[in-house]
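Worksheet: one structure, shown below.
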Amino acid sequence: MLFKDVCGERLSALGLGCMRFPTLDGDDGRIDEEKAGEIVRYAMEHGVNYYDTAWAYHKGQSEPVMGRILRAYPRERFHLASKFPGYSTESLAKKEDIFSSQLERCQVGYFDFYLFHNVSDDNIDAYLDPQYGIIDYLRAQKAAGRIRHLGFSTHGSLETVERFLDAFPEAEFCQIQLNYMDWTFQRAADKVALLRGRGIPVWVMEPVRGGRLASLEPELDERLRAMRPDEGIPAWAFRFLQSIEGIGVVLSGMSNLEQVRDNIATMSESQPLSEAELAALLETAQELCRRTAVPCTACHYCVVKCPQGLDIPALLALYNAQLNGESAAASVAALPEDKRPQSCRACRSCEKVCPQQIKIAATLGQFSRLLHG
């Protein structure tokens, strides 16, 4: 395993994201704890020492499951990260209870790394509002030793990132969505430049974009394999990140042991891309962007908020397929009638927590119209 010396710590270059553990019966709130434990055990045995969870992951079950799994290991063997759910304004008034509960759920006395979760264009005003005092509260937790390193994650615009940095200049790290598809698609390159200019190390989330970059269409696959015949397609996403200056930990939400083995093998050696390879990969990214109408990463935040219980990520994937010339009608017809796109009430509760800021209600309405003429 490669390691990075950042924030005064020696961290594994690959971190385990705890948002995509294997589940029971497809229920995101029911983690298969035995398989999750196997994933963590293999990661521990092969040098991964950074584990990233959050209050809302797996419908609130990620933190307690990680607490039970990690208690089997000496505390000094791992760095645990979690996040404050300020993307939901009702959480801001409960900051003391939530933070204390997180420590209890994770069964630790302190977090090695802690983040303001998903600072976005929609919630930055609440994060900065003095009436909630969230920045001062987390500063106090750090001073008390319950947080060792304090940073933030963001899916917001460049302007929002800059505004938050101005309000919180002591940020020790920043976690952004960074992959070769989003290098220009979501202005990740500009965010990296901004953070690098301020001397802030970059933590990476969504390196394979929720699995989208783990496998490619045949013609795109062949183009990359011709340049590196012995390299798997997912490895290209990690080699891209190895080619960027200023990257600290790369977080991957791995759902099975095969993914863990492959990613650890990739991140155990540094093989940055050549100029020709980088150019080919960014051309591939442009083609992927043209084929992706809705940039969903299947984080499932939206599902928790949907009063209809719709599997929104699955519906958005079918919508993208429909726009790319694949008929989604049969797949939609196989769903229960109350779980189809037309069941959306357009309450927009899902949109308030969507990191990608997708206009979900309008998209599902458009999907329904496409299916029914």
Side-chain angles (χ1 to χ4, degrees), residues 3-19 21 31 36-37 39-41 43-44 47-58 60-88 91-119 127 132-154 164 168-175 200-205 248-251 253:
F3 289 88
K4 298 291 186 76
D5 293 317
V6 284
C7 296
E9 309 284 357
R10 188 163 177 77
L11 306 177
S12 54
L14 178 68
L16 178 62
C18 303
M19 187 177 75
F21 279 134
I31 297 172
I39 287 172
V40 172
R41 182 166 57 252
M44 282 277 190
V48 175
N49 66 11
Y50 192 101
Y51 298 85
D52 173 87
T53 184
W55 177 259
Y57 288 176
H58 282 289
Q61 293 307 303
S62 178
E63 286 181 333
V65 165
M66 285 304 293
R68 291 192 289 271
I69 291 174
L70 290 175
R71 69 185 176 189
Y73 302 93
R75 185 64 180 87
E76 65 272 11
R77 281 197 60 187
F78 61 87
H79 298 274
L80 181 62
S82 195
K83 312 174 187 73
F84 185 82
Y87 50 79
S88 172
S91 299
L92 295 169
K94 304 174 184 176
K95 54 186 179 292
E96 296 91 350
D97 291 341
I98 288 175
F99 184 78
S100 295
S101 178
Q102 288 180 293
L103 289 171
E104 291 173 5
R105 298 202 306 181
C106 292
Q107 301 188 39
V108 294
Y110 64 90
F111 289 112
D112 301 274
F113 292 84
Y114 196 77
L115 301 85
F116 299 87
H117 196 178
N118 187 22
V119 176
Y127 261 131
Y132 298 119
I134 185 64
I135 292 180
D136 287 340
Y137 175 74
L138 293 183
R139 282 171 173 155
Q141 300 317 301
K142 183 181 177 185
R146 299 210 288 177
I147 295 171
R148 295 187 63 199
H149 302 284
L150 186 56
F152 68 105
S153 69
T154 180
F164 194 76
F168 183 56
E170 71 269 37
E172 295 180 73
F173 63 104
C174 179
Q175 189 165 302
I200 297 174
V202 175
W203 267 221
V204 173
M205 55 182 161
V249 177
V250 176
L251 296 166

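Start at 1 with the first residue, then count along the sequence. All figures in this text were calculated on a predicted structure; none of them were measured in a lab.
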Subject >> Stepwise side chain to side chain contact (heavy atoms under 4.5 Å, CB included) check, H58 with V65 >> reply: CA-CA 10 Å; H58 282 289; V65 165; over 6 Å; no

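- Scanning for side-chain contact (heavy atoms from CB on, under 4.5 Å) contacts around R75 gives F78, L80, V108, Y110, D112, with sequence neighbours left out.
- Summarising the geometry of R139 relative to P169, their closest heavy-atom pair is NH2-CD, 4.5 Å, with the distance given to 0.1 Å.
- With rounding to the nearest 0.5 Å, the separation of OH in Y127 from CG in N118 is 7.0 Å.
- Every pair passing salt bridge (Lys or Arg N to Asp or Glu O under 4.0 Å) that includes a residue from residues 76-87 is listed here, sequence neighbours excluded: D52-K83.
- Separating the CD atom in Q107 from the CD atom in E63 is a distance of 11.5 Å, to the nearest 0.5 Å.
- Residues passing the side chain to side chain donor-acceptor pair (under 3.5 Å) test with T53, sequence neighbours excluded: S62.
- Remark: the backbone N or O of G86 is not paired with any side-chain donor or acceptor of S91 at under 3.5 angstrom.
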Original post:
Given V6 and F173, is the side chain to side chain contact (heavy atoms under 4.5 Å, CB included) satisfied, shown in steps?
Top reply: CA-CA 9 Å; V6 284; F173 63 104; over 6 Å; no

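- Residues passing the side-chain contact (heavy atoms from CB on, under 4.5 Å) test with E9, sequence neighbours excluded: L11, H79, F113, R148, H149.
- Taken to the nearest 0.5 Å, the CH2 atom of W203 stands 9.0 Å off from the CD atom of Q175.
- Separation of the F116 and F168 ring centroids falls under the 6.0 Å cut-off.
- Put simply, CG on L16 and CG on N49 are 11.5 Å apart, with the number rounded to the nearest 0.5 Å.
- Considering CZ of R71 and SG of C106, their distance stands at 12.5 Å, rounded to 0.5 Å.
- The aromatic rings of F164 and F152 lie tilted to each other, with the angle between the two planes from 30° to 60°.
- The two residues A36 and I31 make their nearest non-hydrogen contact at CB-CG2, 4.0 Å.
- Nearest heavy atoms, Q102 versus S82: NE2-OG, 3.3 Å.
- Of all non-hydrogen atoms in G60 and R105, the two that sit nearest each other are O-NH1, 3.2 Å.
- Using modelled atom types, no side-chain atom of Y51 and backbone atom of C18 make a donor-acceptor pair closer than 3.5 Å.
- Residues Q61 and F21 are not in side-chain contact: their nearest non-hydrogen atoms beyond the backbone lie 4.5 Å or more apart.
- A search for side chain to side chain donor-acceptor pair (under 3.5 Å) contacts involving E104 returns nothing, not counting sequence neighbours.
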Donor-acceptor pairs under 3.5 Å, side chain of residues 92-101 to any protein atom, not counting sequence neighbours: which ones?
residue : atom : partner : partner atom : Å
K95     : NZ   : Y132    : O            : 2.7
S100    : OG   : E96     : O            : 3.1

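- Using a 4.0 Å cut-off between charged nitrogen and carboxylate oxygen, K142 and E170 do not count as a salt-bridge pair.
- The backbone N or O of V119 lies less than 3.5 Å from a partner atom in the side chain of T154, making a donor-acceptor pair.
- A heavy-atom distance below 4.5 Å is not found between the side chains of Y114 and E172.
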